[in-house]
Amino acid sequence: MSIDNFERIEKSREPERAIIVGLAAESMKRFEHSTEESLDELEALLETAGGVCLGRALQNRPKPDPRTFVGEGKVKEIKDLAKANDCTVVVFDNELSPSQMRALTEDLELRVIDRSSLILDIFAGRARTREGRLQVELAQYNYILPRLTGMWKHLVSQTGTSAPIGTRGPGETQLETDKRHIRRKIDKLRDELREVIRVRDTQRRLRGKNEMPVIALVGYTNAGKSTLLNKLTGADIQAENRLFDTLDTTTRRLTVSDVKEALLSDTVGFIRKLPHHLVEAFKATLEELKYADLLIHVIDASSPECEEQMRVVDNMISTLGIAQTPRIEAYNKCDVEGSDIRRHGENIVEISAKTGQGIDRLLEMIEESLSSVNKKVTLRLPYDKAGLVEMIHREGAVKDTRYTEDFIEVDCIVGQGLLSKVNDYIV
């Protein structure tokens, strides 16, 4: 058996027939629970991956079963349901341990995958840039590594003199070989991603010198971020009504007003129960959010799960340590039936990225926010403070420098953090 078998995700031409399963247990954390709504989302993910849901099962019990996760009785019920519908795969809404996945595969006599595996499959098919593919590949290897023992179970049990004739094989030796192979791949991918981060840092510094503030679009998957990017910048980024339509970060120049320009970046959408392998792997992309001057949280106002989706995004923003970054909440799809709840407040705007409704007001709010982020000032620095000029070059943007007998005059653009350091020298 070659490790290449595990690197490849095969897709049949016909949609795969599947049963989806979820568990709600009192001992589980709130965000780990399955609900009818999370199963609806899992079904949408399945369709995105090219499958079709022919049945679902939601189990309630005090705690997960150590062996089968949902309990022996539920497993039999799922097996009968899958057999009746001629299904080939069972998809679990929760993340399964390697031993649980192995036991379920044996008991159901079907291929078993969990939510993490399904999302990884979608990401693998959607990543287009080298960076995106590196990040997805790293997440896949981190997911596969602890599950290799189960994949090699048929060989592990065949080592030794008691194995049937013709089945004696390398067993544990081959397993360890594959583990070492994967660990080497993981180390190599991490090195390549570190190089990506280094290049990003260089680009970011150059961008800072060019005075270009950065705006990042964030939001739940399928909230309309790519459509909004297209509407604001005139770009022609593919934007369809499906989950995780955009994975690779896209940046375009945005004309905010006659006197203000910015860079607008579209980032990967968030989702509940996003696999931690993916969050870790996509840190190179999500790192970009830390350096944004402004976040636009795009919210699907037409979704009945709007509030829950907002909570997921807010939690991710806090996890990334960017909760203090100025933010505009843009309630999108306000032209869609069911989104007629009027929302008002500071830094809140209702828009339709599809029709253009509310876009002018959004641009006004962007300009107001960016005006408070970066300021153009003239400084008069005594020569014993000449070191500040280098700091301004590094952290801000210098437009002109004039040397007089007593002072150094600097025309520059500075952010709020730098402004506090040079405030005493503003003319």
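Here the structure is a predicted model, which means the values were calculated and not measured.
Here the closest non-hydrogen pair linking K333 and A223 is CE-O, 3.7 Å. The two residues L120 and A139 have their closest heavy-atom pair at CD2-CB, 3.5 Å. In terms of heavy-atom proximity, I348 sits nearest to M365 at N-CE, 3.5 Å. Nearest heavy atoms, L145 versus I182: CD1-CG2, 3.9 Å. Between G224 and A353 the shortest heavy-atom distance is O-CB, 4.4 Å. Annotation for K225 and Y220: closest pair NZ-O, 3.4 Å, computed over non-hydrogen atoms.
Ion pairing of R272 with D93 is absent here, as no side-chain N (NZ or NE/NH1/NH2) approaches a carboxylate O to less than 4.0 Å. For K83 and E109, the salt-bridge test fails: no basic side-chain N is under 4.0 Å from an acidic carboxylate O. In summary, D80 and K76 engage in a salt bridge, as defined by a charged side-chain N under 4.0 Å from a carboxylate O. In summary, R56 and D40 engage in a salt bridge, as defined by a charged side-chain N under 4.0 Å from a carboxylate O. Salt bridge status for E192 with K188: present, with a side-chain N to carboxylate O gap under 4.0 Å.
I317 contributes atom CD1, which lies 9.5 Å from atom CE of M310 (distance to the nearest 0.5 angstrom). Rounded to the nearest 0.5 angstrom, T105 OG1 and L110 CG are separated by 8.5 Å. Distance check, rounded to the nearest 0.5 Å: CG of L39 to CG of L46 gives 11.5 Å. Between atom CG of residue L45 and atom SG of residue C53 there is a gap of 12.0 Å, rounded to the nearest 0.5 Å.
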From CA spacing to verdict: side-chain contact (heavy atoms from CB on, under 4.5 Å), R115, N94: CA-CA 6 Å; R115 187 183 183 99; N94 319 82; over 6 Å; no
Check against side-chain contact (heavy atoms from CB on, under 4.5 Å), R190 and L138: CA-CA 8 Å; R190 284 176 175 159; L138 177 60; 4.1 Å; yes
Criterion side-chain contact (heavy atoms from CB on, under 4.5 Å) on V112 and Q100, from CA distance to verdict: CA-CA 10 Å; V112 174; Q100 288 169 339; over 6 Å; no
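Between the side chain of H33 and the backbone N or O of L23, no donor-acceptor pair lies under 3.5 Å. Remark: the backbone N or O of D300 is not paired with any side-chain donor or acceptor of S303 at under 3.5 angstrom.
Using a 4.5 Å heavy-atom threshold, the side chains of L232 and L363 count as touching.
K74 meets the side chain to side chain contact (heavy atoms under 4.5 Å, CB included) test with A57, Q59, V70, E77, I78; sequence neighbours excluded. Listed by chain and residue number, S97 satisfy the side-chain hydrogen bond (donor to acceptor under 3.5 Å, both in side chains) test with S99 (two or more places apart in sequence, or in another chain).
Under a cut-off of 6.0 angstrom, the local environment of CZ in R361 is crowded, with over 12 non-hydrogen atoms contributed by other residues, nucleotides or ligands.
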